[in-house]
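Structure first, commentary second.
Atoms within each ligand, like the ligands themselves, are counted from 1 in listed order.
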Amino acid sequence: MATRDSGAKVVIVGAGFAGLWAARRLGRKGFSVRLMDRNNYHTFLPLIYQAATAVIEPEQIAYPLRAVFKKHPRVSFTLAEVREADFAARVVRTARGREYSYDYLVLAPGSETTFFGVPGAAEHAFRLKSLEQAIGFRNHALACFERAAAEEDQGAARRLLTFVVVGGGPTGVEFAGALAELALGPLAGDFPGLNTSQVRVVLLEAAQRVLPTFPPGLSDYTLGRLSRMGVEVWLNSAVARVGADSVELVGGESLPTESVVWTAGVTGARAPGFSDARVSRGAGGRLLAGPTLQLPGHPEVFVAGDACKPGEADPPMNAPAAIAQGRLAAENISRLAAGKEPREYVYRDKGQLATIGRSAAVAVMWGRTFKGLTAWAVWLLVHLVHIIGFRNRLLVLVNWMWNYFFHERGIRIIFPSDPHGPEPGRLPEKGHQ
Ligand SMILES: Cc1cc2nc3c(=O)[nH]c(=O)nc-3n(C[C@H](O)[C@H](O)[C@H](O)COP(=O)(O)OP(=O)(O)OC[C@H]3O[C@@H](n4cnc5c(N)ncnc54)[C@H](O)[C@@H]3O)c2cc1C
């Protein structure tokens, strides 16, 4: 195997939190790094729900990868969909049939939405995992209001103005809060002729409380805040089926809606070219790596981030864990190249945060719980410092301040416009996104 000084070739699949941090570290250590992603930008996923609810512009949470590595001459970027990792030949193959060889491989493809086999969900529910999906939902929500304004049938208008969020975890809570602030605030104001008492934001949670991983007191606080913001929180409400114009619950109840957003679960991304027969998949559909993040039987292949289940550890699928694993994969490659033993991954809990709405959040950090304005300030700070690029940080801050002081959302545009024409009646496609 090549040594560190020979500039061993490392291919990294995925430029999310794990891949990006691994590439930065390896580039500084003298490796020849090829970072590959299907997008030419890094997406700051924790704020994607804000792009979907017109708080910020989608571009503000994306950063061009070539700009990130402008000052890293040893890191090159390749825009490609990776289809296969051939361990025997030590190459990865792209959808366009190109091959790239490696001495070490880091697989960091992230995660995918999982629907737990609920019929109709994959076809009819919106997901929140990419910028396209965020823009798709924003356009859809705005188009629903336009259609409702032109609708004479009150039942149809009510269906168009009912938005259902599935999953009361942090993403569902954050999204439902932001959606209520948009739909019951500036958007309702845009349609003075519309009966805005028909606007509903419903949050469905199968468990007995929202934010089940937080202490019960913070769940109660969140429930109270959401209710005051106009969100209807339905607990003990598992989804049985999602249709084009309704969502059905396990108890038989049905809610007429064309807007179901699924935030209820993620599973490790299907790693390129791996069949389940070749790689065992552990909890959360993640690839089972060893405690050093190496794939069993392939010491030169590392897995990091949401796609990785490292040994006995069971870290949450979140950004701090992905960053820590990306860094460790880089360090272990460096250690292997220097003839040293790789280190084991140790999960360090950095706490939990969820924002509910303007001035309200909950946090568990440094062994303490926080709620309200203090937690919200911590949430703002933590997210702001992690956004890549000074310009993006500044623009996000400006949008937040604007939203905070003026209760205003500037990005209420349907763009790109519907190729079938301006007539309301056709909605952006769901499902496949
Ligand atoms: C809506 C939402 C809100 C969230 N909020 C928070 C939060 O508040 N705090 C928090 O800590 N975490 C949050 N998370 C979780 C966090 O975003 C993830 O844990 C983190 O992004 C995982 O990093 P990763 O590098 O493993 O994967 P990702 O960041 O998902 O990156 C994976 C990358 O791989 C690329 N890729 C995948 N497959 C291929 C392929 N075959 N070929 C080429 N490229 C490929 C993708 O394009 C992507 O760029 C949230 C996630 C979502 C979806």
**Message:** Does only the side chain of Ala319 get under 4.0 Å from ligand 1, or the backbone, or both, or neither? Count heavy atoms.
**Reply:** both
**Message:** Given Phe44, Trp379, Phe17, Phe175, identify the one with the heavy atom nearest to atom 21 (O) of ligand 1.
**Reply:** Phe17
**Request:** Measure the distance from atom 28 (P) of ligand 1 to every protein heavy atom, then report the residue, atom name and distance (to 0.1 Å) of the closest one.
**Result:** Gly16 CA, 3.9 Å
**Asked** Between Phe175 and Phe137, does the ring centroid distance fall short of 6.0 Å?
**Response** yes
**Message:** Quick one: does any side-chain atom of Arg343 pair with a main-chain N or O of Leu328 as donor and acceptor, under 3.5 Å?
**Reply:** no
**Item:** Val362 and Lys371, any side-chain heavy atoms less than 4.5 Å apart
**Value:** yes
**Complete:** Residue, atom and distance of the protein heavy atom nearest atom 27 (O) of ligand 1 read Gly110 CA, 3.2 Å
**Fill in**
Numbered in order shown, the ligand 1 atoms found under 4.0 Å of a heavy atom of Pro320 are 11 (O)
**Asked** Where does the angle between the aromatic ring planes of His42 and Phe17 fall among parallel (under 30°), tilted (30 to 60°) and perpendicular (over 60°)?
**Response** perpendicular
**Item:** Residue, atom name and distance, where the atom is the protein heavy atom closest to atom 38 (N) of ligand 1
**Value:** Arg38 NH2, 3.2 Å
**Message:** For the 3.5 Å polar cut-off, considering only N or O atoms, please tell me whether Thr43 and ligand 1 meet it.
**Reply:** no
**Request:** Select the closest option to atom 37 (C) of ligand 1 among Ala22, Pro109, Ala95, judged by heavy-atom distance.
**Result:** Pro109
**Request:** Output, in order, the C-alpha distance, side-chain angles, deciding distance and verdict of side chain to side chain donor-acceptor pair (under 3.5 Å) for Gln294 and Asn332.
**Result:** CA-CA 9 Å; Gln294 290 161 288; Asn332 280 347; 5.6 Å; no
**Message:** With a heavy-atom distance limit of 4.0 Å, tell me whether Thr171 approaches ligand 1 through its side chain, its backbone, both, or neither.
**Reply:** side chain
